[in-house]
J.: 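Structure below; questions to follow.
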Amino acid sequence: MSSSSAFNDDKGGSSSIGEPEYGHDPASGGIFSSDYKRHDDLKEMLDSNKDSLKLEAMKRIVAMIARGKNASDLFPAVVKNVACKNIEVKKLVYVYLVRYAEEQQDLALLSISTFQRGLKDPNQLIRASALRVLSSIRVTIIVPIMMLAIREAASDMSPYVRKTAAHAIPKLYSLDPDQKDQLIEVIEKLLADKTTLVAGSVVMAFEEVCPERIDLIHKNYRKLCNLLIDVEEWGQVVIINMLTRYARTQFLNPNANESLLEEGTEKAFYGSDEDEGKEEKVEAAALVAKRKPYVMDPDHRLLLRNTKPLLQSRNAAVVMAVAQLYFHLAPKAEVGVIAKALVRLMRSHSEVQYVVLQNVATMSIKRRGMFEPYLKSFYIRSTDPTQIKVLKLEVLTNLANETNISTILREFQTYIKSMDKDFVAATIQAIGRCATSIGEVRDTCLNGLVQLLSNRDELVVAESVVVIKKLLQMQPERHSDIIKHMAKLTDNIQVPMARASILWLIGEYCEHIPKIAPDVLRKMAKSFTNEEDIVKLQVLNLAAKLYLTNSKQTKLLTQYVLNLAKYDQNYDIRDRARFIRQLIVPTDKSGALSKYAKKLFLALKPAPVLESPFKDRDHFQLGSLSHLLNAKAGGYQELPDWPEVAPDPSVRNVEVPEWTKCSSREKRKEKKVEKPFYSDSEGESGPTESADSDSDTGSGTGSGSEESGSESGSEESEGESESDKEEEEEKHKRKSKSRAKKSTQESEGSEPSSEDERKKPPKGKGPKAASDSESEEEEEEEESSSESSESESEGESESDTDTRMKQKTCASKPPPRQPKKETEMSLLDLDDFEPTPSPQVTPVNNFVSSSLVTDLEGLSLSDSALSPAAVSPASGPVKSYELLHRITGEGLSVSYCFSRQPFSHDPHMVSVQMQFTNNGDTEARNLRIQEPKLQSGMRIAEFPEIDVLPPGETVTMVMGIDFSDSTQAANFQLCTHTRKFFLTIQPPVGELMMPVFMTENEFKKEQGQLTGMNEITEKLTLGETCQGDAAIVQRVTSTASLSRVPCGSEMECRFAGKTVTSGSLVLVTIVTREQLVAQLTVNCEKMLIGTMLVKDILQALSQ
Amino acid sequence: MIHSLFLVNSSGDIFLEKHWKSVVSRSVCDYFFEAQERASEPENVPPVIPTPHHYLISVLRHRIYFVAVIQSEVPPLFVIEFLHRVVDTFQDYFGVCTEAAIKDNVVVVYELLEEMLDNGFPLATESNILKELIKPPTILRTVVNTITGSTNVGEQLPTGQLSVVPWRRTGVKYTNNEAYFDVVEEIDAIIDKSGSTITAEIQGVIDACVKLTGMPDLTLSFMNPRLLDDVSFHPCVRFKRWEAERILSFIPPDGNFRLLSYHVSSQNLVAIPVYVKHNITFREGSSQGRFELTLGPKQTMGKAVESVLVNSQLPRGVLNVNLNPSQGTYTFDPVTKLLSWDLGKINPQKLPSLKGSMSLQAGACKPDENPTINIQFKIQQMAISGLKVNRLDMYGEKYKPFKGIKYMTKAGKFQVRT
């Protein structure tokens, strides 16, 4: 069925993919079997060797994932195809893997080696994609591998790979937050990157991992500002948001003097040209203030200037980011520029409008003048969604002032007629707010609202009542007729909030309407039991107030209401009734308070302030999620307050060597603007390379003149030339040089320099020789080694760039490391003497060391320590595992152990010694293995069938299993003449290898080739019982099938082995330090094996 | 940043889900459905919905909700803009962005989403890069793929991501080299009862379709660039040259793209190309209302006003209408109360009108609101602001391209209050 259905699908093309699970099992019919069958059929397709079938199957599986159907049971079948040649199959497998790896951690490990191979690919795109998928697999066990991979990629030559590394950082962080410190190191390194490609991604990583480490930004601040315009749009958003926060901690408030200025002055220069405005402001400030005039930090200015063009971005998020930056950081006079751009965004999709309006609403409270010219853009159309209408209304209300109120009110009048009642209610509130804030129109508004009281829609009336109540509170004495009018409304209005408002009004101003008030109370007493709670409370309130002012008429009524309330269901009402009764009805017991009852109830209430809900929202960073929700969202970084005194601005200076005088700040600023990476016509690797060459020429030989000449030339063509620019340029360059140089000396960062050397050997020598830390000899050493690796790689590489990358990835790593070590050690310590490497990658399988190496190691002290005894296989006790218990086995018990003898039939198999014991009382017959279920790549060599196993007897058999260098279990069935048992053998990682004889120098050499990703180092504390050489050797060899490598130093133990299947070397070094502290280093090409081995040895040693 | 994405259709089914970090159960969408129920109209669902553990940010397009799940602080516009970019990409790939199209191309959709975000952070959103990575499905390619068993995934590795002009791929070749530019302007206006303009503004875009070989460098200049008040550019436009010379200088992306969108300064008076005479009355006590509408051209510079469509949301009290159009056809939906009149071209000699009566709910009082009238129209070969392209020059390549410029004016949000 599988093939035919696949064929159908082919014909159907993509159209049938949408409904794959229904389309493919029409024949199977039964509901119960369909699920099982379908997957079976997919498995079959995946196992086939036709790419088209695989692809079809993968497409169907991805369609299942897309619809949220569980496809996890296909994991083993899918993961096998991870190394498939077909790109699309591979991609879909990645999609699958990333989705399910977290659920199937063990199986996911099978795929790791594919990605590890990819990480070393000469093609940068393959390296990047391998890293991307590897880091997306959320499996905790590979954390160290990911960490290594990220470190490695962070210093990759290709900016694209470095970008991917930056992307991987937050992934690893979310998987294992313990890696934070190490990740910060990587972030720090990537922040120094000069390419636009990396900038956005690394700032993103910074924000997710260590947003509090603002100190990391100092040195990169100016660079980020200058790169900003060329960064991709999503990166721009992240960088701008981060820089806003940064600027708030580093610069002074440009508006600090502003509070002394009058509002009027602000308006006067609103809209004027930026610089003019600034000058004027400074002048004005000088007039007003005895305070010293504010001078903006040039770096602050740089940020404002470089972000401004981004207001023209097509991406709403970028525009918003710049807008919030200006709002939070710019001097008041300059903030105006953002209004136009924000108004433009209002043309966009309604979701964008929604967010922009929220922010405009907040801004318009603080800086009303800014949006006033755009008032009409906030007019409401009947087609706007309600939520947009309400927000626009909010903005219009905020913008209302004496001059424009009449236009706004005319608009509001049209809105009140709208069919959208929620919107009408919001409009009425808005009118109320306009009336409170602008005294001139209060009467007009009130009249308008009163007219609305006769509206047919109850919601409108109710809303009007509530608003009128608030307005009346401001000047009640003049409006007794309105109150009378409202008193009449109690007969009709049903909305509780409105009824409550009316009752409160009547109670409050009962003295203005002495005749009506008692009558209202009478009516309310009648309907009391049917009222809502808020209404009841207000009835009580009214009763109390009337009792106090007019007790003659209302005494009985009040008693009656209080009695009703006493038995109300709501405890608030009962409570209130009790309280009021005690307070107003004089009894013997009533205390001093009742004397003041009138004062208490009829005190003059302050008029309510109708406030915008957006007031004070600007303590959240604008444009943020927290601002939108007006609640702190997880991970929100508080926008800090301006500092009182500016922190030292020199922290942003890029390091200057002593011999260059610090340039004046103004000059520095100019230079920054003209920096070369501005233009986008430069080659993508340009910046990196030029930076490298800078560092090269920079080390004091003075040969940099030619370089700087050409560079400044290119700049001049950009249309900007200044007299002192070239000098400036050079200064700057020296700065960056010295920095680069520093990093070279410090850490792994030494790659660029060696890289350079190869590119231009004549030049490269100079600085090297000049730097006193390294000797001539080592220099040669290094060169020769890099040459040799060059020749090695040239064989495979096709193009020039490929060659370079090759060198980078496989060759240049070891050399820089080792020369450095040498300088640290004494010359007598010949352990580290490095033989000239032989051109071929040494096949280590031969037990006799390669002659070349032996010849050269004449001086080595280690020869003396050579003892052949150390290389006996199967040293250490053999541990036996139970495979089948005699109870489950019905008398038959099986145990196995790893004999560590080479399996005679096939050297790539691990030999497993199995011991069969018949504890039962009947003889077992025909013991044999059947139907092994193996992971891909695994093989089993079965033992010959045991014909008869009489009771009480024990037989030992040897079988071979090729675990294909993974710790996946081998599953098989053990059959007897009567029964079948499902058995599983899972090898400890130490059994997947076999010992290799090696000399110390060979060991060193091999270790030198397995650095970087392939090296894992851990610190450990030795267990109490595990002191001394012998103990360590014993523990290690019992954990893993390794042989000891003779060693000159007493503090070190070395072990070597190779994996059984692929023959990859496994090198273990244990260096004991003082007392119980030791360091374990494992070098292995198979990183997974390395990782697991480290774990096992650690455990063995620390017990 | 973006944790997961759910696509929800108008009937409330989740028909696609994609996770970029660990899996978020689709039950998180229940909060969205709740909000959806509360909202009276589909477009009133709040774009940002907080839930106890996540935040849902959604956009509604083509009657599909794109619901993104996020877990921590992120600028909401960032997510919204990205979601719209996703929709644009789908539209670009499949022609339409409907549930059916997405379901049909679910694998391509998935591959696209995979490339567009890495760990929730946008990776490749440029259509050119994406098209290099994943080829859009075409009928021809589907047939070829079926026969040869080949795929939609690009064979060679995409180099676009590495290039300095990420929006353009290298090695573009055409036999006919052509560059077309459409200047499209939209008038947004609110006209009040008496026919006076309350607010009117012009928003324009220049959409380009450039099919040129190699790496051409184009410059486009205007006769009257001062008209452009506020502009936003495609990333390819060199901002500095615009600042200095008011010239658009750019290396164009390959194919269709939006070069520029602009706003015409509001100081200029906006010519309103149509006028509306209306008389919509309801009488108290009667169950009848009058409806009269006449459209006429005004300030069109002699160009014809075409594809005119009038929409009006009548008050809830209206049961049915009985109207008589002088041209075109009208429809009235008694459920949504939406009146729509498709009248085509306005003939200045014989003005189109729609007259007749409305029947109201008996006994109900007269609706106190009057409907607003929304008008759509098109005017070919004219940019209402008067913007004119001066010339288009090409540098960097030898051949002579074919150049074309088209102008059009449309109604944007054009509303007449009655």
J.: Given heavy-atom pairs under 4.5 angstrom as the criterion, report whether the side chain, backbone, both or neither of A/V356 touches chain B.
T.: side chain

J.: Examine whether an atom of A/T414 lies under 4.5 Å from a heavy atom of chain B, and if so say whether it belongs to the side chain, the backbone or both; otherwise answer neither.
T.: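 For A/T414, side-chain heavy atoms alone lie under 4.5 Å from chain B.
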
J.: Decide, yes or no, whether a salt bridge links B/D230 with A/R344 under the criterion of side-chain N to carboxylate O below 4.0 Å.
T.: yes

J.: If every non-hydrogen atom of A/E351 is compared with every non-hydrogen atom of B/S58, which pair is closest and at what distance?
T.: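 Nearest pair, atom of A/E351 first, then B/S58: CG-O, 3.5 Å.
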
J.: Do B/E114 and A/K91 sit within salt-bridge range, that is, some charged N less than 4.0 Å from a carboxylate O?
T.: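 Answer for the salt bridge query: no.
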
J.: What part of B/F15 is in contact with chain A, defined as an atom under 4.5 angstrom from a non-hydrogen atom: side chain, backbone, both or neither?
T.: backbone

J.: Among A/H167, A/E232, A/R347, A/M204, which residue forms the greatest number of heavy-atom pairs with chain B at distances under 4.5 Å?
T.: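 Ranked by heavy-atom pairs under 4.5 Å with chain B, first place is A/R347.
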
J.: Which one wins on heavy-atom pair count under 4.5 Å against chain A: B/E43, B/K413, B/Q415?
T.: B/Q415

J.: So which of B/P42, B/S261, B/P46 has the biggest tally of heavy-atom pairs under 4.5 Å with chain A?
T.: B/P46

J.: Check this for me, if you would: do A/D422 and A/K389 make a salt bridge, where the nitrogen-to-carboxylate-oxygen distance has to be below 4.0 angstrom?
T.: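 No, no charged N to carboxylate O under 4.0 Å.
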
J.: Quick check on A/Q353 against chain B: is it the side chain, the backbone, both or neither that has a heavy atom closer than 4.5 Å?
T.: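 When you check distances to chain B, only side chain atoms of A/Q353 fall under 4.5 Å.
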
J.: Would you mind telling me which of B/G120, B/P371, B/P75, B/A100 has the largest number of heavy-atom pairs within less than 4.5 Å of chain A?
T.: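 When all of B/G120, B/P371, B/P75, B/A100 are compared, B/P75 has the most.
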
J.: Under a 4.5 Å heavy-atom cutoff, which of B/L7, B/N374, B/D188, B/I14 has the most pairs with chain A?
T.: B/D188

J.: With a 4.0 Å cut-off, would you call B/K103 and B/E99 a salt bridge?
T.: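 Here B/K103 pairs with B/E99 in a salt bridge, since their nearest N and O are under 4.0 Å apart.
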
J.: Please classify the contact of A/N241 with chain B as side chain, backbone, both or neither, using a heavy-atom distance under 4.5 Å.
T.: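 Only the side chain of A/N241 comes within 4.5 Å of chain B.
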
J.: Just checking, B/K240 and B/W242: is the charged tip under 6.0 Å from the six-membered ring centre and within 45° of the axis?
T.: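 No.
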
J.: Examine whether an atom of B/L60 lies under 4.5 Å from a heavy atom of chain A, and if so say whether it belongs to the side chain, the backbone or both; otherwise answer neither.
T.: both

J.: Salt bridge or not between B/R85 and A/E233? Use side-chain N to carboxylate O under 4.0 Å.
T.: yes

J.: Does any heavy atom of chain B fall under 4.5 Å from the side chain of A/S136, the backbone, both, or neither of them?
T.: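 It is the side chain, since no backbone atom gets that close.
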
J.: Is A/R138 in contact with chain B via its backbone, its side chain, both, or neither, using a 4.5 Å heavy-atom distance?
T.: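 Side chain only.
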
J.: Among the options B/E41, B/R26, B/Q71, pick out the one with the most heavy-atom pairs lying under 4.5 Å from chain A.
T.: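 That would be B/R26.
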
J.: Is it true that A/H627 and A/N359 share a donor-acceptor pair across their side chains at a distance under 3.5 Å?
T.: yes

J.: So which of B/K18, B/R61, B/K21 has the biggest tally of heavy-atom pairs under 4.5 Å with chain A?
T.: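 When all of B/K18, B/R61, B/K21 are compared, B/R61 has the most.
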
J.: I'd like to know which of A/K632, A/R132, A/E102 tops the heavy-atom pair count under 4.5 Å against chain B.
T.: A/R132

J.: Run the salt-bridge test on B/D118 and A/K171 with the 4.0 Å N-O cut-off and return the result as yes or no.
T.: yes

